[in-house]
Amino acid sequence: QQQVKQSPQSLIVQKGGISIINCAYENTAFDYFPWYQQFPGKGPALLIAIRPDVSEKKEGRFTISFNKSAKQFSLHIMDSQPGDSATYFCAASMNSGYSTLTFGKGTMLLVSP
Amino acid sequence: NAGVTQTPKFQVLKTGQSMTLQCAQDMNHNSMYWYRQDPGMGLRLIYYSASEGTTDKGEVPNGYNVSRLNKREFSLRLESAAPSQTSVYFCASSELQNSPLHFGNGTRLTVT
């Protein structure tokens with residue numbers, strides 16, 4: 001049972017364009033939604049995270065949009081740059097009790113020059 | 001500041017061999033994790049340790065054992081390696097269970 005579904009699997013965007021990656025979750029108890037960025041040969045690193053009490057969070061060129069009723073959240077990368085080329089993972093967890101992150105399967109983003 | 005250090009970086013095993021993947025963190029984090037990453041499968045949790053002295057199974061624990069040696073170190077053991085265990089293994093740590101994860105750079109394991 002895949003609790004966090006991520007799409008697309010891969011994405012090619014021109015430099016300066018907007019990259020959009022979507023995730024959907026099933027467990028309504030999830031209340032923490034981070035995005036991780038992974039460069040080749042490296043471990044994932046936290047990029048940005050949101051909790052469901054807000055519908056949007058922005059950090060620089062990166063924005064998370066959150067739709068609680070639809071159980072969906074997405075990552076938008078504005079003015080995409082070649083240096084943003086990486087694999088992006090969404091994830092979800094429950095804040096209460098002992099809980100671990102459930103990851104989506106990842107999106108490989110390529111930003112062409 | 002080293003963060004999370006994994007050794008070795010690469011390993012090739014024959015089917016049936018055993019080995020231990022080592023992980024150490026220097027951030028005084030309470031929780032530690034082992035994930036495996038396979039193409040198209042994302043990151044799947046093998047085992048985790050919420051705090052020193054405790055370990056719990058994750059999504060894919062079969063064929064693995066772990067030891068939380070102390071607060072800093074969390075090792076993953078393959079007792080009898082199988083080709084299905086060919087993967088990239090990541091160790092991670094977090095201050096608390098729902099704090100951001102800090103990942104090491106992985107161990108690429110090939111089982112022939």
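Protein chains get the first letters and strands the later ones, always in sequence-line order, with residue 1 at the start of each. Every value quoted in this text rests on a predicted model; they were computed, and no experiment measured them.
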Is any side-chain heavy atom of B/S99 less than 4.5 Å from a side-chain heavy atom of A/Y32? no

Using a 4.5 angstrom heavy-atom cutoff, name the option from B/P100, B/S31, B/P39, B/G106 with the most pairs to chain A. B/P100

Linking I/L/V/M/F/W/Y whenever any side-chain heavy atoms sit under 4.5 Å apart, do A/I20 and A/M78 land together? yes

Under the side chain to side chain contact (heavy atoms under 4.5 Å, CB included) criterion, do A/Y36 and B/L101 qualify, and how do the steps go? CA-CA 9 Å; A/Y36 282 79; B/L101 294 179; 3.3 Å; yes

So if you build clusters from Ile, Leu, Val, Met, Phe, Trp, Tyr with side-chain heavy-atom gaps below 4.5 Å, do B/V60 and B/Y47 land together? yes

Side chain, backbone, both or neither: which part of A/P44 has an atom under 4.5 Å from a heavy atom of chain B? both

Rounded to the nearest 0.5 Å, what separation is found between the CG atom of A/L46 and the OG atom of B/S94? 11.5 Å

Is there a path of hydrophobic side-chain contacts, each under 4.5 Å between heavy atoms, that joins B/L45 and B/M32? no

From CD (B/E59) to OG1 (A/T102), nearest 0.5 Å: 7.5 Å

Please check if A/L47 and A/V111 belong to a single hydrophobic cluster, counting links between Ile, Leu, Val, Met, Phe, Trp and Tyr side chain heavy atoms closer than 4.5 Å. yes

Determine whether more than 12 heavy atoms belonging to other residues, nucleotides or ligands lie under 6.0 Å from atom CD of A/E59. yes

Near B/R108 CZ, under 6.0 Å, is it more than 12 heavy atoms from other residues, nucleotides or ligands? no

Which atom of B/F90 lies closest to which atom of A/Q38, heavy atoms considered: CZ-NE2, 3.3 Å

Same cluster or not: A/I50 versus A/Y25, using hydrophobic residues (I, L, V, M, F, W, Y) connected whenever any side-chain heavy atoms lie under 4.5 Å apart? yes

Between the side chain of B/N105 and the main-chain N/O of A/G43, is any donor-acceptor distance below 3.5 Å? yes

Criterion side-chain contact (heavy atoms from CB on, under 4.5 Å) against A/L101, the qualifying member of B/Y48, B/Y35, B/Y33: B/Y35

Quick one: are B/Q37 and A/F89 in side-chain contact, heavy atoms under 4.5 Å? yes

